[in-house]
Amino acid sequence: MARYNAKTTEAKWQAAWKAARTFEAVEDPDKPKYYVLEMFPYPSGRIHMGHVRNYAMGDVVARYKRARGFNVLHPMGWDAFGLPAENAALEKQIHPAKWTYENIANMRSQLQAMGLSLDWSREFATCDVEYYRHQQKLFLDLLDSDMAYRRESWVNWDPAEQTVLANEQVIDGRGWRSGEPVERRQLWQWFFRITAFEDELLDALGDLERWPDKVRLMQANWIGRSEGARLRFAVKHQDLEIEVFTTRPDTIFGASFLALSPDHPETAALAADNPEIAAFVTECRRQGTSEEAVEKAEKLGFDTGLRARHPFSDDVELPVYIANFVLIGYGTGAIFGCPAHDQRDLDFARKYGLAVQPVVVPKGTEASEFAVGTEAYTGPGLLANSEFLDGMSMEDAMGEVARRAEEGNFGTQEVMYRLRDWGVSRQRYWGCPIPVVHCDDCGVVPVHEADLPITLPDDVTFDRPGNPLDRHPTWGATDCPVCGKSARRETDTFDTFVDSSWYFARFCSPHADRPLDKAAVDYWLPVDQYIGGVEHAILHLLYARFYTRAIQKCGHLAVSEPFAGLFTQGMVCHETYRDDDGNWLEPTEVSRNDTGQLVRMDNSAAVTTGRSEKMSKSRKNVIDPEDIIERYGADTARWFMLSDSPPERDLEWTDGGIEGAWRFTGRIWRIIEEAAVELPPPGLAMPDHFGDRALALRRITHQAIAAVTDGIERFQFNVSVARLYEIANALGSLEAEDQSGKDAAGEGWARREAIESLVVMIGPMMPHLAEEAWQALGRSGLLADAPWPTVDASLLVEDIVTIAVQLNGKIRATLEIERDQAEGDVRDAALALDKVKAAVADKTVRRVIVVPNRIVNVVI
RNA sequence: GCCCCCUUGGCGGAAUUGGCAGACGCACGGGACUUAAAAUCCCGAGACUUAACAGUCGUCCCGGUUCGAGUCCGGGAGGGGGCACCA
C-alpha cells in the first residue's frame, strides 16, 4: 500500500487540468452561468494565509457550482499599482515595474501550487498597459458625462518628502518616514461625482439580498443620509449671514453659540485681518484630517467677537466661535451649538462658560426640574423653554421650525449626506496616468482618444523626494490637443481603487480591444459570488458599485450592481511573540526550552507571548503558506482553512489544526485504498433490495450529502467538513466489522455509493486527493467534471424518532416512537412513561404541549 | 469621540432559527498493535455532588417574555474592527 504522496500527486493533477483546459471558461447560452470571484491580490511578492483562506473558499464555490452543472467563470489577476512598489523602489533601488512583475511571477506559481480551479487564460495586472489604456478611455467617457471634475481639497502634506500622506502615515501629526510635522494643504485634485448616485447607492442596498446585513449597514452609515434643516443666522452689525446645517432644528431655542470650521471661507476672511485667528487656524490644522483625529481631539474654540441674532428671538445673541471639531466637508461647515442635547457642544460650552438650556425633557418630567450636568440628553421627550414649540414632540418641532424658517426666508428643510465625492488624484508615479493636459490657453483638456494609452515613463528615479513624474525631463511635455501649443501632461495618477472598480468586468473579455465587450459582459455579469475581506466592506465595494453605474451611463455595460452575492471572510490570526527588547519574533524564531519556556532560538533570550492577532509582517506572526504546502501539500492547507472556524469569523492558526488536517488526508487515502480492492466495479445498476446494514449506510450517506450541500450553499464550510468527517468515520467503523454476505444485501453497492459520494464532496476542498481517489476507484475522466451526488429524500427521514419528554420545561425522559404519530397518541405515550407517571402522581396535568417528532412538555 | 461586530467545555466550534446544549475537530486520559517508538485503531470525558443508582448546576453578568431561551426583549461587562491617500 503506497503512502499518499501529496507533492507528486498534486503536480500530476494540476498538469492534467491544465492539459485538458478544464477551467477555461467559454460563454455558452445553453448553460446557466455562475461567476465566482475572489478579491484579486496586491502582488506583494508572496501569498499569505489570508489569500489561502480566501481562495480556498472561492474554489469550493467554483468547483461545487461546476459539479452542479453551471458554466463557471473563475478568473484571477493582480491589483498591481500602489504605494508598496514605490516604497520598494526607495528602499531597494529597484524599479516599481520590475519589482511588481517579479512579484506577480512568484505569486502566480504559488497560487498555481494551490490547485485552484482558475481560468488563467484571463489573467491580467492592472499595471499592464493593455489594462490601463482602457481605464483611461473610461475616464474620458466619465469626463464627457460630467462625472469627473477637478477642485481644490485638503491633504496631509509632508514638507520633507514633498508628498501627500495617507492618514495612516501621519503619526502624532508627523510624517511616518520623515518625522517632520505634517501640514494641511489645499491641492487641485480630480474627483468622481459619486454623490450624484448617493440616493441610488443607498436605496439599492435593500435589493442586495445576498450581501451580509453588516456590510449593507456599514455602507448605509457611510453614505449617512440625514434629514434636517439649513438655517441662516444674521450677524449683528455686519453685512454677513452664517449658514448652518442641523439635524436637530427642534433644539433651536437651546442654541448658545455658533461655530465655524477652521477651513470655512468666513474663517479665512477673519484670519486675514486677525493674526490671533490665523494662529488658531494654523493650530487646528496640526491635527490630522481623519474623522477620528478630529473627534478625539480636545474641543478648542476661538471667540471671533462676532454675535449672531437668534432667528426666533431678537433679544438672544449667539457668540460666533471657530471650533476645531466642525468639519468643512460635512453640511455647511458651520453649526449652531445646543449644549444640552449634544455631547460635543456640551463639552465645548462647559469649557468656554456658555449657557446650557435644556429644551427637550423626558415625558413626565417637569421642565423646571430637568437639568443637564456633564452628560447631554439625547433621548426622546417633549419641547420646553421653547416659546411656540413648548409641549410639541421633537418631530413636530422639527417640522415647525423648518416651516417657519421657510416662511421667514431664513432656512429650508434639507437632506444632507455624509458621503463626499471620491478623490481619485494621487501625486504618485506607480499608478494609471490621468489622461489630460494642462494648457495655458485652453485650461485642462482631455487627451484625444486616439492618443491613448498615456504610458508611464520607465526612466524614473526615486532618489529625491516628490513625484518622479513631476520632475521627469521630457515626459510631461506635450502639445495641447485643442490648440496645439506646447502644454504639460497631468502628473497625477489614479487612486488604485479606480483600477479595482471595474476589473471584475474586464475579466469577462480580458483581451477585447475596447474596455468591455458587451456580449461577454452581458453574459457573465453580475458576479454571482464575490468573496473577500471585510476590510473592503465600504470603500472598494461602494466605489465599484458607483463605477459600475457610472460606466453603465456611458453605455459600457447593462448591469448597475456588480456583485449579486457577497461574502466577507474573517482574518487569519496567530499568537505574537516579542523578546525583552520589544522585538517582534517570527513563530519560526522561537521554541520551547527544557523548562517549557518560550525562548529565542538564536540566543535563548526569554520571549513573551502576546494575544493572537491578524497575521502581519509588522508583528511577524506569519506562517508562510509556501512552507505549509511544501510540507503537507495544498489539499491539507485548504482543508484546514475550511475546517473548524466559520468562514466569516477569524481563524486561529495552530500547529495542531494543520496536523489534524494532514492526518485526515492520510485517513481518506487509507479508506480509498482498502476499499478499492474489494468494491464492486463502478457504474452498476442499483440493487432492488438493501439489507439493514446497507440501508443504514445509505441513510448516513444521503444525510451527509444533504448536510454537506446545505453547508456549502450557506457558506458554512466548517459544518460541511464536520459532516464529511462523519461519513468517513462511518466508513471506517464499517471497515472493522464483519463483511460476510454483504453483496447479497447490496452492501458493496452501498459502500461504493458512500465512498464515491465522499470523494466527490471532498473534491471542492481537496481536489488533488479527490482526483487521485476517483482514479483509484476505477472511474475514468476527471473528477472535476463529475456531477454532484443527488439526495434520495426518502433516506433522510428515520422511521423511529426519539422525542424528548419534559416536565415543566425540564427534560426528564425520552420516548422512542414511530414518526408522524397523531398528537393524541404521542401525548398518551408520554403520559404513560413511568417517570412521567411518578412525577404526576396525584397532581393534575394542566397542559401538554406536543411538538411533532421533537418534544412533549407536560405541565403540572 | 462616532459607528459596527463578537462572547457556548481546556481550545476552535455545532445546534434544522424558540424545542434533547456541546455535533465534528484539536488538545488530554486509558487501552490495543509493536522488542520499543512513530504511525494507526478502539474507548472515555461540561462542572459539581455520589461508592453507585442518580441528582443539581451550566451557553459573559443581571432582569424580562414564554409551557419551554444559547436563540427573542431591556440593562450591564469584557474583547475586537472601521472611520475616506494601506490595499
Side-chain angles (χ1 to χ4, degrees), chain A residues 3 39-42 44 79 81-84 87 155-156 163-170 189 214-215 217-218 221-222 224 289-297 299 325 329 343-344 347 418-420 422-428 495-497 499-500 533-540 542-543 571 611 613-614 640 643-646 648-652 654-661 663-664 666-667 670 706-707 710 716 718-726 729 732-733 735-736 802-811 813-814 846-849 851 853-860:
Chain A
R3 198 184 162 89
M39 291 179 183
F40 67 163
Y42 179 81
S44 57
D79 188 13
F81 275 134
L83 263 186
N87 290 336
V155 296
N156 299 310
T163 187
V164 177
L165 297 181
N167 285 328
E168 73 153 17
Q169 294 169 333
V170 180
Q189 308 226 71
K214 180 174 72 173
V215 174
L217 184 64
M218 284 165 85
N221 289 340
W222 190 258
T289 54
S290 77
E291 201 168 292
E292 183 190 10
V294 172
E295 293 279 336
K296 272 189 174 165
K299 310 283 172 282
F325 61 89
Q343 191 61 44
R344 278 179 319 188
D347 294 345
R418 206 183 76 101
L419 183 69
R420 310 200 293 258
W422 172 16
V424 295
S425 280
R426 296 294 180 268
Q427 293 68 40
R428 302 260 151 67
D495 176 8
T496 56
F497 276 126
D499 311 341
S500 56
V534 72
E535 65 273 20
H536 294 291
I538 298 172
L539 290 185
H540 162 57
L542 193 62
Y543 289 155
M571 301 180 296
R611 69 179 178 81
E613 292 185 69
K614 177 186 179 176
F640 175 51
S643 312
D644 293 350
S645 296
E648 71 279 7
R649 281 215 224 154
D650 289 351
L651 178 145
E652 171 74 13
T654 59
D655 293 343
I658 190 73
E659 289 283 341
R663 276 202 298 272
F664 185 67
R667 195 153 130 235
R670 274 192 301 282
D710 186 56
Q716 291 189 303
N718 55 322
V719 179
S720 293
V721 164
R723 299 298 163 246
L724 289 168
Y725 270 111
E726 276 175 354
N729 289 346
S733 43
E735 216 69 51
T802 308
I803 292 178
V805 180
Q806 298 181 328
L807 284 163
N808 289 338
K810 298 209 172 203
I811 310 261
T814 56
R846 292 199 295 172
R847 204 171 155 192
V848 180
I849 288 125
V851 181
N853 301 323
R854 286 192 167 277
I855 210 161
V856 177
N857 190 8
V858 180
V859 186
I860 50 178

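Reminder, nothing fancy here: chain letters follow the sequence lines and each chain counts from 1.
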If I pick the [atom1] atom on [M] and the same atom on [N], what distance separates them, to the nearest angstrom?
| N | M | atom1 | answer |
| --- | --- | --- | --- |
| G58(B) | G9(B) | P | 14 Å |
| U17(B) | G31(B) | C1' | 42 Å |
| G1(B) | U56(B) | C1' | 48 Å |
| U16(B) | G70(B) | P | 13 Å |
| A69(B) | A21(B) | P | 11 Å |
| C26(B) | A45(B) | C1' | 14 Å |
| G44(B) | U35(B) | P | 28 Å |
| C57(B) | C73(B) | P | 26 Å |

Considering only [options], which nucleotide approaches the side chain of [X] most closely?
| X | options | value |
| --- | --- | --- |
| I538(A) | C20(B), G82(B), U7(B) | G82(B) |
| N221(A) | A87(B), C3(B), A23(B) | C3(B) |
| Y725(A) | C41(B), C20(B), G25(B) | G25(B) |
| D644(A) | G12(B), A84(B), C20(B) | G12(B) |
| R670(A) | G19(B), C41(B), A23(B) | C41(B) |
| H536(A) | A87(B), A15(B), G25(B) | A87(B) |
| V851(A) | A14(B), A84(B), G19(B) | G19(B) |
| N729(A) | C20(B), C67(B), C24(B) | C24(B) |
| D79(A) | A15(B), C67(B), A87(B) | A87(B) |

Considering every strand and a 4.0 Å limit on heavy-atom distances, what is the contact class for [X]: base, sugar-phosphate, or nothing?
| X | result |
| --- | --- |
| S643(A) | nothing |
| I849(A) | base |
| F664(A) | nothing |
| E652(A) | nothing |
| V164(A) | base |
| T802(A) | base |
| L651(A) | nothing |
| R344(A) | nothing |
| S425(A) | base |

message = Let me spell it out: for each of K810(A) and R418(A), pick the nucleotide of RNA chain B with the closest heavy atom. Which residue's pick is nearer the 5' end?
response =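 Comparing both residues, the 5'-ward one is K810(A).
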task = For A722(A) and for W222(A), locate the closest nucleotide of RNA chain B by heavy-atom distance; then report the residue assigned to the nucleotide nearer the 5' terminus.
result =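 Of the two residues, A722(A) wins.
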inquiry  = Once hydrogens and angles are ignored, does a donor-acceptor distance under 3.5 Å link the base of C67(B) to the side chain of N857(A)?
reply    =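 Such a pair exists between side chain and base.
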message = I'd like to know if Q343(A) reaches the base of G1(B) with its side chain such that a donor and an acceptor end up less than 3.5 angstrom apart.
response =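 By the distance-only test, no, there is no pair.
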Does [N] have its OP1 or OP2 closer than 4.0 Å to a side-chain nitrogen or oxygen of [X]?
| X | N | value |
| --- | --- | --- |
| Q716(A) | G13(B) | no |
| R663(A) | A27(B) | yes |
| N718(A) | A14(B) | yes |
| R420(A) | A84(B) | no |
| R847(A) | G68(B) | no |
| R649(A) | G13(B) | yes |

Let's test this: given Watson-Crick or G-U wobble pairing with both distances under 3.5 Å, identify the partner of [N].
| N | value |
| --- | --- |
| G78(B) | C6(B) |
| U40(B) | A32(B) |
| U17(B) | none |
| G1(B) | C83(B) |
| A45(B) | none |
| C11(B) | G25(B) |

message = Quick check on U17(B): syn or anti? Syn means the glycosidic torsion is within 90 degrees of zero.
response =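 Syn for U17(B); the angle stays within 90° of 0.
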ask   = Since syn is defined as within 90° of 0, does G9(B) count as syn or as anti?
value =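 Syn conformation for G9(B).
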message = I need the minimum non-hydrogen distance between S643(A) and V721(A), along with the two atoms involved.
response =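 Taking S643(A) first and V721(A) second, the nearest heavy atoms are OG-CG1, 3.7 Å.
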[X] side, atom [atom1]; [Y] side, atom [atom2] - distance, nearest 0.5 Å:
| X | Y | atom1 | atom2 | answer |
| --- | --- | --- | --- | --- |
| L724(A) | N729(A) | CG | CG | 11.0 Å |
| E648(A) | K214(A) | CD | NZ | 8.0 Å |
| D495(A) | L539(A) | CG | CG | 8.5 Å |

